[in-house]
Amino acid sequence: MPRFHFDMRPSNRREMQTSPGFRPDRVGLSLCSAEAAYLAACEAIPRLTLELLRNGDTPGGYAFEIRDARGRLLWEVPFAEVLDRIHKLPRRA
């Protein structure tokens, strides 16, 4: 099964490697496809948002960079994009 790495970085690319918010994923996850990696990132964002908020950070300013085992960038998943989609979901009565 392919391995994918989920680097979490501030959305501002200039700060990517120097910001204290940059968190490289050195372990990664084994998933069946790049699409499954994208979905895993989308599922993780709400949980990480809570952690960032507790630390006084702004979650909308982060993104996941999903890379394959060779280090090639496959997806960029901005937290703000996922959080915006969740916010627009219809609410149950």
Any idea which heavy atoms bring Leu31 and Ala37 closest together, and the distance?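 Here Leu31 and Ala37 meet closest at CD1-CA, 3.5 Å.
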Taking side chain to side chain donor-acceptor pair (under 3.5 Å) as the test, write out the residues that go with Ser30, two or more places apart.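 Partners of Ser30 under the side chain to side chain donor-acceptor pair (under 3.5 Å) test: Arg3.
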List the residues meeting side chain to side chain donor-acceptor pair (under 3.5 Å) with Arg72, not counting sequence neighbours, and say none if there are none. Asp68
Under the side-chain contact (heavy atoms from CB on, under 4.5 Å) test, residues paired with [X] that sit two or more places apart:
X: Glu35; value: Ser33
X: Ala80; value: none
X: Leu39; value: none

Checking the side chain of [X] only, and the main-chain atoms of [Y] only, is there a donor and an acceptor separated by less than 3.5 Å?
X: Asp25; Y: Phe6; value: yes
X: Asn55; Y: Asp57; value: no
X: Trp75; Y: Glu65; value: no

Quick check: do Asp7 and Arg26 have side-chain heavy atoms less than 4.5 Å from each other? no
Quick check, are the ring centers of Tyr38 and Phe64 under 6.0 angstrom apart?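 No: the rings miss the under 6.0 Å criterion.
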If Ile, Leu, Val, Met, Phe, Trp and Tyr residues are connected whenever their side-chain heavy atoms lie under 4.5 Å apart, and connections chain through other members, are Leu29 and Leu74 in the same group?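 Yes, same cluster.
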Which of these passes side-chain contact (heavy atoms from CB on, under 4.5 Å) with Pro59: Ile45, Leu48, Leu52?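 When side-chain contact (heavy atoms from CB on, under 4.5 Å) is applied between Pro59 and each of Ile45, Leu48, Leu52, only Leu52 qualifies.
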If you look only at pairs with a residue in residues 40-53, which of them pass as a salt bridge (Lys or Arg N to Asp or Glu O under 4.0 Å), with sequence neighbours excluded?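 Qualifying pairs: Arg23-Glu51.
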Determine, for Glu76 against Arg67, whether the closest basic-nitrogen to carboxylate-oxygen distance falls under 4.0 angstrom. no
